[in-house]
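What follows is a set of notes on a single structure, which appears directly below.
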Amino acid sequence: MEEKRNSFELVETRDALDLLPAWEPQAWWFFAAAAVVVVLFLLVQLFKSRKQVDDPHREKREAYREAKAGFKGYEGNNFREAAAWVSLVLRRYLARSMKEPALFETHEEFVGRHDGLKDLPEDVRSEVGVFFARLAALKYAPEEGFLVGAGEIMSGGDELLERIHRA
């Protein structure tokens, strides 16, 4: 007997794996490279933050450099403006290097605080008080009463900065 072929017979002409999309190895390498870059970036940030923590005097040195640049940055010749400028530069230095609230205090509050500048020797502390009193007098003085120049005020502030920084 001859067998009849059924026309409805299912014949698989392709392998099922051929129907899946082809895997692109370039995409895998891209994601691997991106992961390596991210890991390297995180490691650099970790070591960078550890290095910054290890130097306790870094903040004081940066405040000193900033104050020196502040003294060099003044270009006026009015003694009142110079006194205000020097006061601001020194107060920023004290606030940043010694964690003093000097930047946010009035002259009387700063000089009147007994625990202020406790890390400095007594002679430097008294010199700071006298210098800030002189600056306050200059800031609010009448224009014709003083014969002091802006350069003298700036050099006095620079000398005081040197003494505070060395102490």
Side-chain angles (χ1 to χ4, degrees), residues 27 29-167:
W29 284 106
F30 173 75
F31 290 119
V36 167
V37 168
V38 168
V39 167
L40 287 176
F41 177 76
L42 292 175
L43 287 173
V44 166
Q45 292 299 323
L46 177 70
F47 288 124
K48 188 177 175 182
S49 66
R50 282 189 179 180
K51 186 176 182 180
Q52 289 176 355
V53 171
D54 291 340
D55 189 9
H57 301 291
R58 180 184 57 88
E59 190 71 25
K60 188 173 182 178
R61 283 193 308 268
E62 287 180 8
Y64 176 73
R65 280 193 291 267
E66 185 180 292
K68 287 299 247 185
F71 283 128
K72 290 178 184 172
Y74 182 74
E75 296 178 2
N77 53 0
N78 183 332
F79 74 90
R80 277 195 190 124
E81 291 174 4
W85 185 271
V86 168
S87 176
L88 182 63
V89 167
L90 288 175
R91 286 172 186 261
R92 280 186 183 155
Y93 171 77
L94 292 172
R96 190 167 176 195
S97 68
M98 303 179 83
K99 308 294 186 235
E100 283 287 328
L103 190 58
F104 309 105
E105 294 177 328
T106 64
H107 161 71
E108 290 83 12
E109 290 172 336
F110 176 66
V111 174
R113 229 178 350 108
H114 297 293
D115 64 338
L117 305 174
K118 60 184 174 281
D119 296 336
L120 293 176
E122 184 60 40
D123 61 328
V124 177
R125 256 188 290 172
S126 64
E127 187 177 343
V128 169
V130 169
F131 190 76
F132 272 105
R134 181 173 177 232
L135 288 178
L138 288 171
K139 284 191 282 189
Y140 305 112
E143 189 73 34
E144 63 276 344
F146 286 90
L147 299 175
V148 65
E152 182 182 337
I153 296 169
M154 298 303 279
S155 65
D158 193 35
E159 290 172 14
L160 182 63
L161 175 67
E162 293 293 330
R163 289 213 40 181
I164 294 171
H165 187 69
R166 278 185 270 138

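Computation of the quantities below employed the complete heavy-atom set of this structure, encompassing side-chain atoms and omitting hydrogens, waters and symmetry-equivalent molecules.
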Decide side chain to side chain contact (heavy atoms under 4.5 Å, CB included) for Arg163 and Asp123; before the verdict, give the C-alpha distance in whole Å, the side-chain angles of both, and the deciding distance to 0.1 Å. CA-CA 10 Å; Arg163 289 213 40 181; Asp123 61 328; 3.2 Å; yes
Under 3.5 Å, is there a donor-acceptor pair between the side chain of Trp85 and the main chain of Gly70?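 Yes, Trp85 side chain to Gly70 backbone: donor-acceptor pair under 3.5 Å.
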Arg96: what forms a salt bridge (charged side-chain N to carboxylate O under 4.0 Å, His left out) with it, not counting sequence neighbours?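 Here the qualifying residues are Glu59, Glu62, Glu66.
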List for me each residue that meets salt bridge (charged side-chain N to carboxylate O under 4.0 Å, His left out) alongside Arg134, sequence neighbours excluded, and say none if there are none.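 Expected list: Glu152.
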Kindly give the heavy-atom pair with the smallest separation between [X] and [Y], and that separation in Å.
X: Ala83; Y: Leu138; answer: CB-CB, 3.9 Å
X: Lys139; Y: Ser87; answer: NZ-OG, 3.6 Å
X: Leu161; Y: Ala67; answer: CD2-CB, 3.6 Å

If you measure from NZ on Lys60 to OH on Tyr93, what distance do you get to the nearest 0.5 Å?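 Separation between the atoms: 4.5 Å.
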Atom pair CZ/CD1 of Phe131 and Ile153 - distance to nearest 0.5 Å: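 Going from CZ on Phe131 over to CD1 on Ile153, the span is 7.5 Å.
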Would you please classify the geometry between the His165 ring and the Tyr64 ring as parallel, tilted or perpendicular, with 30° and 60° separating the classes?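 Geometry flag for His165 against Tyr64: parallel rings.
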Is any side-chain heavy atom of Arg58 closer than 4.5 Å to one of Arg61?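 Result yes, sub-4.5 Å side-chain heavy-atom pair found.
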Glu127 versus Leu120: any side-chain heavy-atom pair under 4.5 Å?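 The answer is no; the side chains never approach within 4.5 Å.
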Determine whether more than 12 heavy atoms belonging to other residues, nucleotides or ligands lie under 6.0 Å from atom NZ of Lys72.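 12 or below, so no.
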